[in-house]
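As the structure is a prediction and not an experimental result, all values here were calculated from the model. Atoms within a ligand are numbered from 1 in the order they appear, just like the ligands themselves. Below, each value reflects all heavy atoms present in this structure, side chains not excepted, and no hydrogens, waters or symmetry copies.
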Amino acid sequence: MDLKSNHASPVLTDPAPINKSRLCLHSTLLPYSPPQAAFSPSLLLTIPRKKTGILDDVRSTSWLDAMKCSSPPPKKITKDVNNEYTLSDADVAYDAWMVNYPSAIASFEQIINHAKGKRIALFLDYDGTLSPIVDNPDCAFMSDAMRAAVKKVARYFPTAIISGRSRDKVYEFVRLTELYYAGSHGMDIMGPVREPVSDDHPNCIRNMDEQGKEVNLFQPAGEFLPMIDEVFRSLVESTKDIIGAKVENNKFCVSVHYRNVDGKNWPTVAQCVHVVLKDYPRLRLTHGRKVLEVRPVIDWDKGKAVMFLLESLGLSHCDDVLPIYVGDDRTDEDAFKVLREGNRGYGILVSSVPKESNAVYSLRDPSEMPSYLLLLTLSILHKSLFNFDFHPSRDLVTAGLITGDLHLYRYSADASPQKLLEVHAHTESCRAVRFIDGGRAIATCSPDRSILSIDVETGSAIARLEDAHGDAINRLISLSETTIASGDDEGCIKVWDTRQRSCCNTFDAHHDYVSDMTFASDAVKLLSTSGDGTLSVCNLRKNKVQARSEFCEDELLSVVIMKNGRKVVCGSQTGILLLYSWGYFKDCSDRFIALSPNSVDALLKLDEDRIITGSENGLISLVGILPNRIIQPIGEHSEYPVERLAFSRDRKYLGSIAHDQLLKLWDLDDILQGSGKAVTSQAATVDSDSDEMDVESSSPKINKGPSILLAVLKLNTSPDKWGRWGYFSGTG
Ligand SMILES: O=P(O)(O)OC[C@H]1O[C@H](O[C@H]2O[C@H](CO)[C@@H](O)[C@H](O)[C@H]2O)[C@H](O)[C@@H](O)[C@@H]1O
């Protein structure tokens with residue numbers, strides 16, 4: 001088919017899916033070829049105009065072929081002679097392709113290692129990445145699970161959406177204020193004002209967003225607005241009789257959709273676009289997934305939008321930044337390329353068919369995105385633990401930070417907290433801290449695999465055990481005045497004599513990281529929970545792992561012993577509390593689901609019948625055990641996950657620490673006020689295997705305000721540098 005054009009480089013095709021025979025013939029995929037155009041010093045591209053007005057294709061793939069290839073073919077499942085399902089040709093081809101573009105989920109460990117010591121900046125395409133491709137572009141909704149995953153990940157990494165849609169439209173779909181948005185393929189960016197952007201961007205102006213926040217508005221194609229409107233109207237008019245054709249105004253570009261047009265009418269669609277475009281030499285055509293996209297001839301694309309956003313975030317010249325871009329179509333290749341070329345970061349291509357790409361990793365389809373985003377979130381949560389401990393006999397509190405620093409404060413009801421010590425304890429984050437030796441020293445541990453003890457009075461190091469573990473150390477608890485236990489990322493637990501500085505016991509307790517530990521001193525047994533979803537019981541006398549629960553699907557995050565040693569309660573990633581009867585650790589005897597779906601990251605025993613829980617949503621709640629019920633929410637630390645809870649020496653204060661890098665001390669009497677009545681009003685019940693639970697019918701007020709807050713310690717020493725986003729400390 002011959003189609004007429006007035007442009008030398010009229011159509012940029014989405015790279016054609018590669019079929020099996022092609023893969024067999026060539027070991028490498030087709031090279032990427034950028035549009036042939038000369039860039040003028042300004043943003044305007046000069047594209048020589050052809051005299052003939054023929055819309056031809058400068059590539060080998062014909063224009064119509066490109067139209068056909070712009071969406072993957074439906075998957076075929078075949079059966080062999082034995083009537084058993086076999087891998088289709090497409091699956092074989094996909095598997096072969098994945099050797100070059102490995103799954104971003106399967107390669108996650110590698111990704112994290114690469115991110116070691118770096119801050120991730122995340123850039124996401126919308127259609128085909130965060131929402132599935134659907135027939136009606138107005139109905140490309142994002143699932144709630146996807147929204148929740150994006151919201152979570154944006155807490156820790158600066159996150160932007162860069163879409164071909166208009167910025168308003170993509171915001172309508174996503175509705176998350178914590179993100180940055182770039183519409184019209186990056187030609188309409190609303191970004192942060194953290195750093196002044198360079199003079200290269202004269203079109204960048206300061207503005208206010210809907211929340212009244214100051215933003216940078218960058219619209220490099222501003223002058224094209226009237227032209228695009230005009231073209232939009234003409235295209236609507238000229239395609240109005242083509243059944244299924246749809247023209248979408250994306251503000252600085254226009255999409256002509258032919259997904260719902262009968263194949264035999266595709267040339268008519270192309271012809272209509274051609275006829276309209278021939279009068280607009282300053283507009284060009286690119287090709288997306290069953291869509292022709294009309295856009296200004298300017299030197300701007302999603303790759304440049306990524307660079308612009310990095311600059312406005314103050315991250316463009318930092319060695320410790322790792323940008324990741326996830327996208328699915330041809331327009332995303334510009335971003336993949338920019339990251340690949342500068343060895344800045346990497347792209348992840350979302351595609352269910354083999355495609356030539358500048359991405360490094362792949363995901364099969366948008367349904368894999370929430371898992372990937374969740375992995376990113378969990379990694380940073382797991383790697384950036386904040387921890388604190390109260391002194392056993394004085395009004396002192398110590399905190400370990402992601403920077404590897406340790407702080408020591410004196411707190412008081414009548415005065416602001418006073419910082420007594422600031423020690424750079426570890427080269428990587430300081431994941432756990434505990435007062436030891438009756439409060440004379442502080443022990444700390446880190447992914448750098450060392451355990452350090454520091455003199456409380458002077459801050460000087462008493463001893464450092466290098467290579468205390470084979471892997472990153474994650475947890476530390478005191479067992480007695482002179483013994484501590486440490487747990488690492490691979491599930492190994494060690495018990496140490498702090499005076500002798502020697503290891504007394506080693507337990508291979510888990511297959512994944514040790515998330516929490518507690519000590520049953522009477523039984524001389526150490527209980528631990530892990531990311532592998534098990535509870536283990538380590539017998540210190542016999543030096544062996546005495547019992548291990550069956551695997552539960554959830555990660556177990558926290559553990560306490562209740563009911564005078566008869567019950568063990570574990571908090572899980574989905575917010576379910578698992579209750580085990582002492583001695584019967586194989587399976588739990590009870591499950592309490594009321595805190596779900598927010599993970600219970602911290603548990604603290606208040607008395608034999610009540611625990612205080614710290615959840616992923618920042619809520620601190622008082623929970624009764626057997627009968628199981630939420631007695632009342634007692635505080636809201638912030639919107640960030642509560643990392644640890646502890647009582648001060650005299651139980652006057654409850655301390656909470658979260659990813660907002662604040663340590664808050666709550667007046668315990670104040671926050672528990674009224675809860676006693678609620679507790680005694682509950683009749684005791686026996687264990688039940690039911691998921692049912694009682695929740696107090698009245699809804700008590702959640703404490704947020706300063707009236708009950710004794711002291712708030714802002715722990716980060718340099719907020720501008722650390723911002724609210726996390727660094728990966730790596731796997732150690
Ligand atoms: O950069 P993106 O966010 O990926 O936007 C690219 C285009 O996406 C939309 O079209 C595509 O998704 C539609 C809904 O699933 C589908 O019907 C269409 O066939 C796809 O091409 C959007 O409607 C376009 O305006 C964007 O340019």
Side-chain angles (χ1 to χ4, degrees), residues 11-15 66-73 123-143 146 150 159-174 179-189 221 228 231-232 235-236 239 244-263 266 269 273 283-296 300-306 325-336 347-352 355 357 359 363 365-367 369:
V11 176
L12 301 181
T13 58
D14 198 23
M67 280 179 102
K68 284 179 185 159
C69 288
S70 67
S71 248
F123 300 94
L124 307 168
D125 165 56
Y126 184 73
D127 289 279
T129 299
L130 295 179
S131 68
I133 292 293
V134 292
D135 285 346
N136 182 354
D138 294 335
C139 296
F141 302 115
M142 190 180 182
S143 68
M146 186 76 84
V150 175
T159 303
I161 296 197
I162 305 184
S163 169
R165 304 255 187 182
S166 74
R167 184 163 47 78
D168 288 350
K169 186 70 171 271
V170 80
Y171 179 75
E172 256 174 52
F173 279 130
V174 179
L179 311 181
Y180 304 111
Y181 292 87
S184 313
H185 296 292
M187 287 180 282
D188 185 9
I189 303 180
I228 291 286
V231 165
F232 168 69
L235 286 168
V236 169
T239 58
K246 183 177 171 76
V247 185
E248 190 183 1
N249 189 339
N250 289 335
K251 192 160 183 176
F252 294 104
C253 45
V254 177
S255 292
V256 183
H257 293 275
Y258 56 90
R259 179 171 296 280
N260 303 318
V261 174
D262 192 314
W266 289 3
V269 176
V273 176
L283 298 181
R284 66 180 170 134
L285 202 56
T286 60
H287 202 130
R289 298 178 72 170
K290 298 214 164 132
V291 66
L292 294 174
E293 300 188 295
V294 176
R295 50 158 102 184
W300 198 258
D301 54 37
K302 287 186 172 185
K304 295 210 161 57
V306 166
Y325 187 101
V326 195
D328 73 315
D329 78 10
R330 167 66 185 77
T331 60
D332 301 310
E333 287 295 329
D334 294 314
F336 296 154
I348 299 175
L349 176 68
V350 182
S351 179
S352 56
K355 267 189 204 172
S357 176
L363 290 172
D365 55 47
S367 69
M369 273 297 281

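Using a cut-off of 4.0 Å between Lys/Arg side-chain N and Asp/Glu carboxylate O, Asp328 and Arg289 are scored as salt-bridged. Under 4.0 Å is where a charged nitrogen must lie from a carboxylate oxygen, and between Asp332 and Lys302 at least one such pair does.
The heavy atom nearest to atom 5 (O) of ligand 1, out of those in Asn260, Thr331, Asp127, is found in Asp127. The option from Arg259, Lys290, Glu248 that lies nearest to atom 22 (C) of ligand 1, judged by heavy atoms, is Glu248.
The aromatic rings of Phe123 and Tyr325 sit parallel, their planes meeting at an angle under 30°, below the 60° perpendicular limit. The aromatic rings of Tyr181 and Tyr171 lie perpendicular to each other, with more than 60° between the two planes, well past the 30° mark.
Atom numbering of ligand 1 starts at 1 in the shown order; those under 4.0 Å from a heavy atom of Val291 are 21 (O). Per-residue contacts place Lys302 under 4.0 angstrom from the following atoms of ligand 1 (heavy atoms of the residue considered): 1 (O), 2 (P). Interface of Asp125 with ligand 1, defined as ligand atoms under 4.0 Å from a residue heavy atom, comprises 1 (O), 2 (P), 3 (O), 4 (O). Those atoms of ligand 1 that come under 4.0 Å of a heavy atom in Asp135, given as number and element, are 17 (O). Short contacts between ligand 1 and Tyr126, defined as distances under 4.0 Å to a heavy atom of the residue, involve ligand atoms 3 (O). Less than 4.0 angstrom separates some heavy atom of Pro132 from each of these atoms of ligand 1: 15 (O). The Arg289 neighbourhood of ligand 1 comprises atoms 18 (C), 19 (O), 20 (C), 21 (O), with distances under 4.0 Å to a heavy atom of that residue. Taking every heavy atom of Gly164 and a limit of under 4.0 angstrom, the matching atoms of ligand 1 come to 1 (O), 2 (P), 3 (O), 5 (O), 27 (O).
At a 4.0 Å heavy-atom cut-off, ligand 1 touches Ser163 through backbone and side chain alike. Counting heavy atoms under 4.0 Å from ligand 1, residue Ser131 does not touch it at all. With a heavy-atom cut-off of 4.0 Å, Asn250 touches ligand 1 through its side chain alone.
A heavy-atom distance below 4.5 Å is not found between the side chains of Val291 and Arg259. For the pair Thr286/Arg330, no side-chain contact is recorded, criterion being any heavy-atom separation below 4.5 Å from C-beta on. Looking at Asp329 and Thr129, their side chains never come closer than 4.5 Å, going by heavy atoms from C-beta outward. Taking the side chain as every heavy atom from C-beta outward, Asp301 and Thr331 never approach each other to under 4.5 Å. By the 4.5 Å heavy-atom criterion applied to side chains, Arg165 and Pro137 are counted as neighbours.
Atom 10 (O) of ligand 1 has its closest protein heavy atom at His257 CE1, 3.4 Å. Ranking the protein heavy atoms by distance from atom 27 (O) of ligand 1 puts Glu293 OE2, 2.2 Å first. The protein heavy atom nearest to atom 16 (C) of ligand 1 is Val134 O, 3.3 Å.
Judged by distance alone, the side chains of Asp365 and Ser367 do bring a donor and an acceptor atom under 3.5 Å apart. Remark: the Ser255 side chain and the Asn250 side chain contain an N/O donor-acceptor pair separated by less than 3.5 Å.
Of the N or O atoms in Asp332, none lie within a sub-3.5 Å distance of an N or O in ligand 1. An N or O contact shorter than 3.5 Å is missing between Ala140 and ligand 1 by distance.
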